[in-house]
Undergrad: 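Take this structure first; my questions come after.
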Amino acid sequence: MKAAILIQRWYRRYIARLEMRRRYTWSIFQSIEYAGEQEQLQLSSFFSFMLDNFTHLNGNGPDDYITDEGGGAKYELIEVCDSYCGPHLSFPLSVSHTNALLGAFKEQQNGLPSADNPYVFNGDFVDRGKKSVEIIIILFAFLLLYPDHMHLNRGNHEDHIMNLRYGFTKEVMQKYKNHGRDILQLLQDIFSLLPVATVIDNKVLIVHGGISDMTDLHFLDSIERHKVKSALRLPRQSMDCIMVDRFGSLSRSRLASRNKGSVRRRNQLMRNNSRSSSSSSSSSSSSSVCSPRVPSRNLHHPSLSPSMLSPTHIPQVSCLDSIFSMATPSTPPREKEEWKQIVDLLWSDPKIQNGCTPNSFRGGGCYFGPDVTRSLLQKHGLSLLIRSHQCKQEGYELCHDGQVITIFSASNYYEEGSNRGAYIRLGPDLIPRFFQYQVSHCTRKLTLHQRVSVAEVSALKALQEKFFAHRSELMTSFQQYDKNNTGRITSSEWAQAVESVLRLDLPWRTLRPRLARLAPDGNVEYLSCFDNICLISIEEFRQTWKLFSSHLRVAVEDSAIDDLARSIDFNKD
């Protein structure tokens with residue numbers, strides 16, 4: 001009996017330590033991810049400047065690559081080379097076309113979109129791996145094949161400024177060296193046409209990020225979504241905006257009648273614009289909501305009232321027709337309101353406490369509490385909010401008394417074994433049923449200890465890179481405590497110094513043994529934080545400059561890039 005009790009105590013301590021490691025590993029991944037998004041928001045003006053000005057060096061305007069104008073990309077000019085041996089598509093698409101695409105990319109599971117098996121994909125189709133192009137081609141193909149049964153919500157990564165940082169721009173330019181620039185502009189146009197919300201049966205609201213205390217679905221339904229290419233950058237005034245200003249006195253009834261054809265126009269535009277994408281490719285993280293037996297019609301301009309429910313309670317899917325339009329100087333309050341509501345839908349996260357506060361951790365959107373959720377659902381006669389935007393260890397999470405569901409479909413998001421993926425299936429009763437999965441076969445063979453260890457190593461490596469990126473600020477902070485220049489400070493001082501610079505809200509004293517050494521006197525040798533860290537490899541440096549040179553249309557040889565790297569690498573790291 002004593003032996004059994006000892007073993008039980010040992011096992012419980014072992015599991016507790018393992019759980020602690022798992023939790024701080026998860027905290028590291030999430031904190032770094034959100035900090036990166038915050039930095040991206042802060043850098044958006046810099047990228048805007050680059051796009052608007054630097055391309056003029058070769059006499060090319062920013063519209064040669066990415067524009068905010070409404071002209072659209074000239075996809076007809078993109079030629080398919082004779083050596084291409086993949087699927088060839090003709091329009092209108094048929095089931096055989098989409099089957100050929102799937103066969104060319106990879107065999108899929110869990111059921112394909114159809115009239116009997118409609119889907120809602122909830123954003124972030126790109127920037128999530130090396131196969132983003134393949135994924136969006138498959139999604140667009142099914143959207144064209146089943147326009148009433150395939151629905152794509154826009155996420156915060158369907159944005160060319162985000163794509164510059166998180167990999168999709170690089171992926172396209174590497175895969176399509178001759179036409180990458182044109183394809184990116186084409187996709188930018190398509191992303192701006194995607195709806196930012198979907199309503200199922202006038203009861204279930206689906207958005208990528210979340211809501212705020214200012215969210216108004218009727219107001220959002222009145223916005224022309226194609227006027228903005230990036231939620232991080234206000235569009236320049238175009239001829240469309242001038243026309244809106246001239247005819248801004250249109251009656252509400254005329255505006256409503258014009259919006260009734262929005263889904264039809266969207267499908268037609270997608271049919272026209274995605275033609276050049278038929279030879280592209282992608283596998284990424286998109287969250288999906290499955291809803292069986294949806295009829296073949298859409299509610300184009302829903303009043304969102306319970307009276308519009310089908311008498312047989314068969315789910316009906318409608319797209320909220322919204323992306324904010326560029327407000328003219330005579331209406332700055334509306335322009336500000338449109339921008340604010342779009343950003344809230346794409347960037348917000350739920351919180352436990354009541355109220356609505358700025359999402360300072362991400363740098364955009366807000367934190368919305370249970371009271372905000374209840375208010376919006378009651379106002380519009382809804383019963384459930386489904387959103388994505390946050391990785392969850394089990395693939396999904398419920399909050400706000402079950403009125404908010406977070407669904408995340410990419411397993412192994414941070415590292416092999418770090419999380420499960422999940423999707424929701426909604427039946428006629430609109431009761432959510434969750435399906436979880438782990439994509440990688442090898443992950444299933446790892447023990448819990450192995451999975452935690454693999455993820456922990458990856459998280460700590462990312463955190464060490466963060467230390468190195470902020471080395472100058474950290475050294476200044478450390479030295480404020482080290483008055484005698486001994487190279488050592490207390491553990492408490494080390495933790496305070498690190499948090500004051502990185503602002504990741506992590507348990508630094510718990511993490512200290514994995515990040516810095518202790519001296520014989522028990523103090524922290526803070527210089528050890530930067531041991532054996534390489535911030536960027538020569539290959540990464542080379543690829544970054546190739547990306548810049550592709551934008552500037554200036555040929556740069558590898559040898560010149562290597563010479564540049566050596567000339568600025570003063571500390572040989």
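Heavy atoms only: backbone and side chains are in, while hydrogens, waters and symmetry mates are out.
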Undergrad: To check you understand the geometry: which heavy-atom pair defines the closest contact between H160 and T169, and what is its length?
TA: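 Scanning both residues, the minimum pair turns out to be O-OG1, 4.3 Å.
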Undergrad: Could you check whether any side-chain heavy atom of V498 comes within less than 4.5 Å of a side-chain heavy atom of W508, counting everything from C-beta outward?
TA: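 Result yes, sub-4.5 Å side-chain heavy-atom pair found.
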Undergrad: Quick one: are P432 and I405 in side-chain contact, heavy atoms under 4.5 Å?
TA: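 Yes, side chains in contact.
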Undergrad: According to salt bridge (Lys or Arg N to Asp or Glu O under 4.0 Å), does anything in residues 498-513 pair up with another residue at least two apart or in another chain? List the pairs.
TA: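 Sorted pair list comes back empty.
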Undergrad: Do N412 and Q438 have side-chain heavy atoms sitting under 4.5 Å apart?
TA: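 Answer yes - side chains close enough.
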Undergrad: State whether the number of non-hydrogen atoms from other residues, nucleotides or ligands found under 6.0 Å of D521 atom CG is greater than 12.
TA: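 For D521, atom CG is crowded (more than 12 foreign heavy atoms under 6.0 Å).
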Undergrad: Where is the tightest heavy-atom contact between Q390 and P350, given as atom of each residue plus distance?
TA: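 Where Q390 meets P350 most closely, the heavy atoms are OE1-CD, 3.7 Å.
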Undergrad: Parallel, tilted or perpendicular: which fits the ring planes of Y14 and W10, with parallel below 30° and perpendicular above 60°?
TA: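 The arrangement is parallel - the two ring planes meet at less than 30°.
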Undergrad: Can you tell me if E557 has over 12 outside heavy atoms packed within less than 6.0 Å of its CD?
TA: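 Counting neighbours around CD of E557, 12 or fewer heavy atoms of other residues, nucleotides or ligands fall under 6.0 Å, so no.
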Undergrad: Heavy-atom distance under 4.5 Å between the side chains of R517 and D531, does that happen here?
TA: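 Yes, their side chains come closer than 4.5 Å.
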Undergrad: With sequence neighbours excluded, tell me which residues meet salt bridge (charged side-chain N to carboxylate O under 4.0 Å, His left out) with D482.
TA: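 Checked D482 against salt bridge (charged side-chain N to carboxylate O under 4.0 Å, His left out); zero matches.
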Undergrad: Do any N or O atoms from the side chain of S477 and from the backbone of L474 form a donor-acceptor pair under 3.5 angstrom?
TA: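 Not confirmed, S477 side chain does not pair with L474 backbone.
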Undergrad: Can you tell me if CD1 on I352 sees more than 12 non-hydrogen neighbours from other groups inside 6.0 Å?
TA: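 Counting other residues, nucleotides and ligands, CD1 of I352 stays at 12 neighbours or fewer.
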Undergrad: Find out whether I386 and L205 are in side-chain contact, i.e. whether some heavy atom of one side chain is under 4.5 Å from a heavy atom of the other.
TA: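 No - every pair of side-chain heavy atoms lies 4.5 Å or more apart.
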Undergrad: Assess the side chains of Y24 and E456: does a donor N or O sit below 3.5 Å from an acceptor N or O?
TA: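 Yes, because at least one side-chain N or O of Y24 sits under 3.5 Å from a partner of the opposite role on E456.
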Undergrad: Checking side-chain polar atoms at under 3.5 Å, does S492 have a donor or acceptor matched by the opposite partner on Q496?
TA: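 There is such a pair between these side chains.
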Undergrad: Out of L184, V126, V172, which residue meets the side-chain contact (heavy atoms from CB on, under 4.5 Å) rule with N163?
TA: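 Of all the options given, the one that passes is V126.
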Undergrad: Does the side-chain hydrogen bond (donor to acceptor under 3.5 Å, both in side chains) test come out yes or no for R21 and S453, once each step is laid out?
TA: CA-CA 8 Å; R21 290 169 57 193; S453 297; 3.2 Å; yes
Undergrad: Shortest non-hydrogen contact from P370 to N354?
TA: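 Distance-wise, the nearest heavy atoms are CD-OD1, 3.5 Å.
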Undergrad: Report yes or no: do S348 and R362 form a side-chain donor-acceptor pair below 3.5 Å?
TA: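 Side chains of S348 and R362: no pair found under 3.5 Å.
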Undergrad: Under the salt bridge (charged side-chain N to carboxylate O under 4.0 Å, His left out) test, which residues partner D371, sequence neighbours left out?
TA: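 Here no residue qualifies.
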Undergrad: More than 12 heavy atoms of other residues, nucleotides or ligands under 6.0 Å from CE of M214: yes or no?
TA: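 Check fails, neighbour count at 12 or below.
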Undergrad: Which is it for T476 and Q480 under the side-chain hydrogen bond (donor to acceptor under 3.5 Å, both in side chains) test, yes or no, and what are the steps along the way?
TA: CA-CA 6 Å; T476 299; Q480 289 177 352; over 6 Å; no
Undergrad: Quick one: does any side-chain atom of S411 pair with a main-chain N or O of N419 as donor and acceptor, under 3.5 Å?
TA: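 Side chain of S411 to backbone of N419, a donor-acceptor pair under 3.5 Å: no, none is there.
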Undergrad: Angle between ring planes, W26 versus Y414, binned at 30° and 60°: parallel, tilted or perpendicular?
TA: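 Aromatic pair W26/Y414 classed perpendicular.
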Undergrad: Starting from the C-alpha separation in whole Å, work towards a yes-or-no answer on side-chain hydrogen bond (donor to acceptor under 3.5 Å, both in side chains) for Q479 and Y526.
TA: CA-CA 9 Å; Q479 289 166 356; Y526 54 80; 4.8 Å; no
Undergrad: Using a 3.5 Å distance criterion without hydrogens, assess whether the side chain of Q341 forms a donor-acceptor pair with backbone atoms of D216.
TA: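 Between the backbone of D216 and the side chain of Q341 there is a qualifying donor-acceptor contact (under 3.5 Å).
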Undergrad: Ignoring hydrogens and angles, tell me if any N or O in the side chain of D159 forms a donor-acceptor pair with the backbone of A231 under 3.5 Å.
TA: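 Yes: the side chain of D159 pairs with the backbone of A231.
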Undergrad: So do the side chains of V372 and S212 get within less than 4.5 Å of each other, counting heavy atoms only?
TA: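 Contact flag for V372/S212 side chains = no.
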Undergrad: Answer whether the closest heavy-atom distance between the side chains of D213 and C366 falls below 4.5 Å.
TA: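 Answer no - side chains too far apart.
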Undergrad: Take a 6.0 Å sphere around CZ of R374 and say whether it holds more than 12 heavy atoms from other residues, nucleotides or ligands.
TA: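 Yes - once you tally the heavy atoms of other residues, nucleotides and ligands closer than 6.0 Å, there are more than 12.
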Undergrad: Counting C-beta onward and ignoring hydrogens, is there a side-chain heavy-atom pair between E415 and F29 closer than 4.5 Å?
TA: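 Yes. Closest side-chain heavy atoms under 4.5 Å.
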Undergrad: Between the side chain of E465 and the main-chain N/O of A462, is any donor-acceptor distance below 3.5 Å?
TA: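 The answer is no, because no donor-acceptor pair under 3.5 Å joins these two groups.
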Undergrad: Classify the angle between the aromatic ring planes of H389 and W347 as parallel (below 30°), tilted (30 to 60°) or perpendicular (above 60°).
TA: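 Geometry flag for W347 against H389: perpendicular rings.
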Undergrad: Thinking salt bridges, do D562 and R566 make one under a 4.0 Å N-O criterion?
TA: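 Salt bridge absent between D562 and R566.
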Undergrad: Flag the pair H400 / F368 as yes when their ring centroid distance falls below 6.0 Å, and as no otherwise.
TA: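 Yes - the distance between ring centres of H400 and F368 falls below the 6.0 Å cut-off.
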Undergrad: Below 30° counts as parallel, above 60° as perpendicular, anything between as tilted: where do the rings of F478 and F530 land?
TA: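 Ring orientation of F478 relative to F530: tilted.
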Undergrad: Of D349, N122, N153, which is the lone residue that meets side-chain hydrogen bond (donor to acceptor under 3.5 Å, both in side chains) with R387?
TA: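 Output: one option passes, namely D349.
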